[in-house]
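Just so we're on the same page: letters track the sequence lines, and every chain starts at 1. Just the heavy atoms: all of them, side chains too, but no hydrogens, waters or symmetry mates, feed the values below.
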Amino acid sequence: MTKFKRTLITSALPYANGPVHIGHLAGVYVPADIYARYLRLKGEDVLFIGGSDEHGVPITIRAKKEGTTPQAVVDYYHKLIKKSFEEFGISFDVYSRTSSKTHHDMASNFFKTLYDKGEFIEQTSEQYYDEEACQFLADRYITGECPHCHNENAYGDQCEKCGTSLSPMELINPKSAISGSKPVLRETKHWYLPLDKHEAWLRQWILEEHKEWRPNVYGQCKSWLDLGLLPRAVSRDLDWGIPLPIPNTEGKVLYVWFDAPIGYISNTKELCDANPELGKWETWWKDDSTRIVHFIGKDNIVFHCIVFPAMLKAEGSFVLPDNVPSNEFLNLEGDKISTSRNWAVWLNEYLVDFPGKQDVLRYVLTANAPETKDNDFTWKDFQMRNNSELVAIYGNFINRALVLVQKYFDGIVPALDELTDYDRATLKEFGDVKTQLEQLLDNFKFRDAQKEAMNLARIGNKYLADTEAWKVAKTDMVRTGTILHIGLQIAANLAIAFEPFLPFSSAKLRSMLNLETFSWNDLGRFDLLKVGAKLGKVELLFEKIEDADVEAQRQKLLATKKTNELDVFKPTAIKAATTIEDFDKMDIRVATVLECTKVPKTDKLLQFKLDDGMGGRTILSGIAQSYPEPEKLVGMQVCFIANFPARKLKGIDSEGMILSAVDADGNFVLVSPNKTVKNGVSVG
RNA sequence: GGCGGGAUAGCUCAGGUGGUUAGAGCGUCGGAUUCAUAACCCGAAGGUCCCGAGUUCAACUCUCGGUCCCGCUACCA
């Protein structure tokens with residue numbers, strides 16, 4: 001730790017084909033930002049690098065679909081993403097993009113160096129080519145019939161129906177997902193980074209020298225290394241990306257995974273070139289007194305811990321990352337966040353619904369960060385954390401301290417008189433918070449660190465409750481002043497402790513306290529506010545969030561879910577031909593529901609007692625989840641098949657089958673005549 | 001199928017070279033209080049630490065087997 005003179009922090013480059021959502025924020029940008037702010041506040045030399053990842057096939061597909069160009073797509077999303085980050089206070093020193101000139105040059109040169117050094121191997125293989133769209137097809141853009149389950153819509157890499165992973169060559173009747181035409185096989189040459197040659201030192205470097213990496217990261221790397229590394233293609237046949245900087249490679253670009261991490265370097269260069277006082281970019285990447293930390297999500301572990309380091313090592317002049325704190329995934333209301341299914345809370349939309357509440361989201365995402373395992377974000381939890389922690393603990397403490405000073409001292413910092421033992425104990429306690437916080441932040445334990453900061457506010461609340469300034473004020477204004485003086489110093493400490501986590505609220509609090517300069521090292525001191533100083537205007541630090549606000553968000557998500565289910569609905573294929581004679585064998589009748597109850601110890605079964613006009617019968621039907629209040633079905637007419645043999649289910653004879661439509665969302669809807677008819681009549 | 005991560009209070013999560021009463025925050029309940037956004041403060045209830053077997057004087061912690069969730073990866077047919 002001591003050998004480093006500066007820290008370079010990178011955060012995964014978001015892919016510019018959609019906006020960023022809370023999963024990105026929780027997994028990567030908030031923790032990276034907390035860390036960057038913390039180090040800056042400590043006065044350390046630090047750069048925080050970000051940028052958009054703008055190459056790759058999905059962007060070209062999106063462009064085609066929207067009838068526009070890849071450049072237009074990335075321009076749009078780069079702007080949107082950049083703005084979201086700014087609004088959330090993600091304090092990048094630079095946020096650039098991989099379509100920049102600097103990056104194209106940097107990535108080209110990088111490739112060229114490796115090429116000239118003979119670090120690649122060349123291989124020719126046959127791949128599917130779409131003659132109509134004039135391009136080679138990535139595995140997932142080829143569809144066809146699965147050779148195992150004969151699902152017609154299997155992808156070139158996997159059949160989603162039977163779960164088998166496939167190669168495009170196995171598909172029966174392959175079709176291009178781009179043009180719909182039948183692809184042909186064509187020879188193509190590509191360059192590969194022989195990761196297998198790097199295995200030995202990677203093994204040593206990670207498994208022996210970096211045992212301190214998070215268990216999920218270390219374990220994942222070990223898993224890869226133990227499986228054995230294979231050469232990995234670093235070029236692609238595509239017209240969108242960085243052209244290979246070698247002759248006779250028309251139509252070939254760097255594989256997006258090769259160029260993207262180099263973006264960290266390019267963006268650093270762009271920043272340093274424009275701001276010479278920051279030093280040369282090489283200092284930040286090639287000097288071994290620089291500490292590099294990559295913040296990423298778990299899907300990126302292998303690239304940042306194995307592929308990118310291998311690239312850097314192959315190049316030869318770069319330092320390797322010191323740590324790669326990777327988070328797990330954040331789920332949303334119990335379901336996996338998904339861009340394509342629109343199952344997400346988008347940052348740009350959040351700020352429309354909750355203007356000015358950036359810190360609330362930052363707080364909740366940190367409090368519930370998926371540091372060791374996947375976590376779930378729910379709006380209910382969001383509301384509770386806001387109301388019972390930010391408002392009730394932190395905001396409330398600030399408010400009561402300031403209101404008391406306003407009330408008894410006209411908003412002027414009162415003098416400190418003699419300290420009681422209790423005062424001293426309190427001051428010592430919050431002095432310890434600094435050490436605690438540092439230890440946690442240094443080890444990337446942001447969730448615990450934030451909890452520790454909140455603890456300071458708890459100490460403040462307890463101090464006020466125990467000292468009861470409002471009672472003392474009736475008899476002893478000197479003592480009251482001392483109490484409130486301490487209260488204010490705690491408030492000033494809170495502004496510092498929370499700065500990395502809640503920058504907007506800290507700024508607001510500092511202005512209320514008229515606290516201009518501050519640094520991390522001031523934390524734990526109790527002379528941050530000068531006696532006689534005038535406080536600023538007092539306002540609430542946080543507001544409550546009402547039930548209706550979060551309910552609206554839940555409804556929004558439910559609507560999304562509904563839309564998704566209906567969108568993906570396709571009527572099933574028509575069954576094999578049948579005849580009227582076959583249909584005639586089915587005796588379908590109408591009956592009225594006399595009783596309907598849930599069968600005990602089952603999830604799905606409802607027991608119907610029907611008046612079928614023929615003495616009545618009992619039928620069980622597995623539709624309970626669609627009808628949570630079965631008693632409401634009493635009196636309604638339903639259709640049923642009357643001539644099935646009785647079948648015992650859960651010890652009850654079920655005499656037939658009740659007919660339901662199965663809706664696109666899987667819900668059952670009972671089929672009923674649209675006018676009351678006589679019980680027992682036939683349907684036909 | 002293999003590998004990695006996870007499974008601990010109603011919820012979200014900590015934890016331990018194995019050793020007397022297993023922790024925090026929120027929620028719930030009770031008390032106290034009124035400076036404060038019915039907030040704060042004090043206290044209590046609440047857990048076969050996923051299941052089974054083994055090692056041990058002693059396992060929530062170690063070993064083996066199993067189940068479930070997440071991820072990576074392979075392949076038989």
Could you tell me the separation between the [atom1] atom of [X] and the [atom2] atom of [N], rounded to a whole number of Å?
| X | N | atom1 | atom2 | value |
| --- | --- | --- | --- | --- |
| A:L207 | B:C3 | CG | C1' | 13 Å |
| A:K445 | B:U12 | NZ | C1' | 17 Å |
| A:I296 | B:C72 | CD1 | C1' | 14 Å |
| A:N331 | B:C70 | CG | C1' | 8 Å |
| A:E371 | B:U12 | CD | P | 16 Å |
| A:Q220 | B:G2 | CD | C1' | 13 Å |
| A:N386 | B:A39 | CG | C1' | 13 Å |

For this session: Mind running side chain to side chain donor-acceptor pair (under 3.5 Å) on A:T420 and A:D423 for me, showing each step along the way?
Result: CA-CA 5 Å; A:T420 65; A:D423 293 345; 3.3 Å; yes

Problem set entry | Residue met sooner reading RNA chain B from 5', once A:I459 and A:D299 are mapped to nucleotides |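 Nearest-nucleotide comparison on RNA chain B picks A:I459.
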
For this session: With heavy atoms under 4.0 Å as the rule, sort A:A469 into base, sugar-phosphate or nothing.
Result: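 The answer is nothing, as A:A469 stays clear of every strand by at least 4.0 Å.
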
Exercise. With a 4.0 Å cut-off on heavy atoms, is A:K222 in touch with a base, just the backbone sugar-phosphate, or nothing at all?
Worked result: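 Contact class for A:K222: none.
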
Problem set entry | Main-chain N/O of A:D33 paired to A:Y38 side chain as donor or acceptor, under 3.5 Å |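 No; zero donor-acceptor contacts below 3.5 Å.
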
Exercise. So, A:Y350 side chain and A:V345 main chain: donor-acceptor pair closer than 3.5 Å or not?
Worked result: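 Not a single qualifying donor-acceptor pair exists.
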
Problem set entry | Closest non-hydrogen atom pair, A:S11 against A:V28 |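 Closest pair (atom of A:S11, atom of A:V28, distance): CB-CG1, 3.6 Å.
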
Using purine N1 to pyrimidine N3 plus N6-O4 or O6-N4 for Watson-Crick, or N1-O2 and O6-N3 for G-U wobble, each under 3.5 Å, what pairs with [N]?
| N | value |
| --- | --- |
| B:U17 | none |
| B:A22 | none |
| B:A44 | B:U28 |
| B:C64 | B:G52 |
| B:C3 | B:G71 |

[atom1] atom, [N] versus [M]: distance in rounded Å?
| N | M | atom1 | answer |
| --- | --- | --- | --- |
| B:G1 | B:U48 | C1' | 33 Å |
| B:G31 | B:C69 | C1' | 42 Å |
| B:G46 | B:A24 | C1' | 15 Å |
| B:G2 | B:A74 | C1' | 7 Å |

[X] versus [Y]: any side-chain heavy-atom pair under 4.5 Å?
| X | Y | answer |
| --- | --- | --- |
| A:P231 | A:L195 | no |
| A:V307 | A:F303 | yes |
| A:H24 | A:P14 | no |
| A:L513 | A:R510 | no |
| A:I486 | A:F526 | no |

Table of protein N/O atoms under 3.5 Å from nucleotides 43-45 of chain B N/O atoms:
none

For this session: Verify the ring-centre separation between A:F444 and A:Y35: is it less than 6.0 angstrom?
Result: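 That pair passes the under 6.0 Å test.
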
Exercise. For nucleotides 25-30 of chain B, read 5' to 3', which letter fits each nucleotide if B means a protein heavy atom sits under 4.0 Å from the base, S means only the sugar-phosphate is that close, and - means neither?
Worked result: SSS---

Each nucleotide N or O in nucleotides 35-38 of chain B that has a protein N or O under 3.5 Å away: list the pair and distance.
residue	atom	partner	partner atom	Å
B:C35	O2	A:R400	NE	3.1
B:C35	N3	A:R400	NE	3.3
B:C35	N3	A:R400	NH2	2.4
B:C35	N4	A:R400	NH2	2.9
B:A36	O3'	A:N399	OD1	3.2
B:A36	O2'	A:N396	ND2	2.6
B:A36	O2'	A:N399	OD1	3.3
B:A36	N1	A:R400	NH2	3.4
B:A36	N3	A:N396	OD1	3.3
B:A36	N3	A:R400	NE	3.2
B:U37	N3	A:F542	O	2.7
B:U37	O4	A:F542	N	3.3
B:U37	O4	A:F542	O	2.5

For this session: Apply side-chain contact (heavy atoms from CB on, under 4.5 Å) to A:L332 and A:W343, showing your working.
Result: CA-CA 8 Å; A:L332 171 59; A:W343 190 254; 3.7 Å; yes

